[in-house]
Amino acid sequence: MSATAAGASDQVDHEGKRGAFSSRRVFILASIGSAVGLGNIWRFPYVAYENGGGAFLIPYLVALLAAGIPFLLLDYAIGHRYRGSAPLSFARMRRGAEGLGWWQVGMCFIIAVYYAAVIAWALRYTFFSLDKAWGSDPEAFFFGSFLKAGDPGVTADVVPGVLIPLALVWGAMLLILALGVQRGVGLTSLFAIPVLVLAFGALVVQALLLPGAGSGLEALFAPNWSELASASVWAAAIGQIFFSLSIGYGIMITYASYVRRREDMTGSGLVVGFSNSSFELLAGIGVFAALGFMAQASGEAVGDVASDGIGLAFIAFPTIINEAPGGPVLGLLFFGSLVIAGLTSLISILEVVISAVRDKLDTTRVTASIAVVAPAALLSLALLSTTSGIYVLDTVDHFINQYGILTVAVISMLVVAWGIRALPGLADHLNVHGRPRVGTAWRLFTGILTPAGLTLVLVLALRDDLGAAYEDYPTWLLVTFGWALVAALPVIAFLLARLPWRAGTHLDGPPPDLAAAEATQTDHAALAAAEHTEGGAR
Ligand code: PHE
């Protein structure tokens, strides 16, 4: 009975027009699609290795439970209760807070511009793997023949080998996003996540069978307990969890706003959090098994061949593929996994922007998709398919992901907890359908401990960047694509927040039908108990 009632009300109210996930399963898979990305595969293994190896699992688990999951649930609660894109949800909480949402939208737009480029490289490398097109010197190939990278700076020399796959990535984005929340975003994840798990699982098995794999795992998991005393190790754990779970970007707010009212958001958050970390651990095993093989083949120590990011994917892996039995298969699985993991994350970043545009302007899905994807694609093609793409990418990535995201995350948590005092209402909201219930501990974490932890990460990063120029890049590059960009975004965001909402937008509190339901049914405990029994019957 309840299922029909809930389904019917979802049809008639505003969200029918915004789009919705057809089921909790699709929502969970879309969330996992966003969370599992390049960061899981090329960032986690090295962060763990660098920060205490096996001992890192302790700060990592603490960060997951004390910062990651509470923050994920906060994002879910905001989106699910206020049923809007990031700016609309914040505006409904408190009109003056709308700018926080646009700040996140701005960052997502920028991240999308370069994230797409890495996927395009991986796409190209998937095919390169088949005949090991990089030859015997993958490093020279990557920077020279492939990217044609010159000196750090900005040039207009287009590299067709990057331009074409990048255009393909953007074409795919337009197609998927124009199809809408369920048929585009949802179905892509429903299909892509199982394929990704199978492909990556096969890669891990193949890597574990390589000679020397064990020494790689020993290097990864050998615990260095003394590292636990270092603040930077804890900061690394928080930073990794945060980036990896895609929290604080407005993504999880947006996705949660597409979930039917009567769903268990708390349980969903736990599933997403643990799935993401499981994938991350699996990636650590696969990557270090392969690095162990590489070390043995070249007679070096694992520590000398270990790396992360671009170096791991586009230099170390090609070297491994050159040497390993069944190299082309390994390459296909590795780069194919990067492409799939990256695409579902890119979809989620762009959805934040599209959703905000649709809420604000009342455009159709297709118009909004074109309006967002076309400029992002043009910018991306202009900046990143040239010989200087890699430097712009590296600078923007470093600054946006450190300062931009962490600052908006800390500020928004403090505003929600202390400015708007929204946590009790959000906790009640989660507890109506969610199990386990969240309570004082959750409010303590989201209101105090998580922002404090994130501030620590921010301060340590700032100390490094003020101490030395990042990667020794020229100052003007760091200022333009780093500091200035980070500082301009909140200004632009609060200007966007001054534009009027489209006619008929409900502000001031959750959408009217939910507010009405709450007014008639103020006893959440009773409501929760009643829903719980119904839930069992569904
Ligand atoms: N969570 C993604 C990953 O682990 C990265 C990401 C961050 C994607 C922010 C979208 C937005 O790679």
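Remember, it's 1-based here, ligands and their atoms both numbered in the order they're listed. Basis for what follows: all heavy atoms, side chains included, without hydrogens, waters or symmetry-related copies.
Near Ala35, meaning under 4.0 Å from any of its heavy atoms, are these atoms of ligand 1: 1 (N), 2 (C), 3 (C), 4 (O). Within ligand 1, the atoms closer than 4.0 Å to a non-hydrogen atom of Ser244 are 1 (N), 4 (O), numbered from 1 in the order shown. Annotation for ligand 1: atoms under 4.0 Å from non-hydrogen atoms of Asn40 are 3 (C), 4 (O).
Cation-pi contact between Arg18 and Tyr258: absent, since separation from the ring centre below 6.0 Å together with deviation from the ring axis within 45° is not met.
Residue Ser34 touches ligand 1 through its backbone alone, judged by heavy-atom distances below 4.0 Å. When heavy-atom distances to ligand 1 are checked against a 4.0 Å cut-off, Tyr115 comes that close only through its side chain, counted from C-beta outward.
Phe27 has its ring centre no less than 6.0 Å from the ring centre of Tyr255. In this structure, Phe71 has its ring center no closer than 6.0 Å to that of Phe445.
Judged by distance alone, the side chains of Ser268 and Glu263 never bring a donor and an acceptor atom under 3.5 Å apart. Checking Asp464 against Tyr470 by side-chain atom types alone, no donor-acceptor pair falls below 3.5 Å.
Contact between Ile251 and ligand 1 is present, with at least one heavy atom of the residue lying under 4.0 Å from the ligand.
Of the protein's non-hydrogen atoms, Ser246 OG, 4.0 Å is the one closest to atom 6 (C) of ligand 1. For atom 12 (O) of ligand 1, the closest non-hydrogen atom on the protein side is Gly39 N, 2.6 Å. For atom 10 (C) of ligand 1, the closest non-hydrogen atom of the protein is Ile349 CG1, 3.3 Å.
When atom types are taken as modelled, the side chain of Asn40 and the backbone of Gly37 share a donor-acceptor pair closer than 3.5 angstrom.
A perpendicular orientation is assigned to the rings of Tyr125 and Phe314, their planes being inclined by more than 60° (bins at 30° and 60°).
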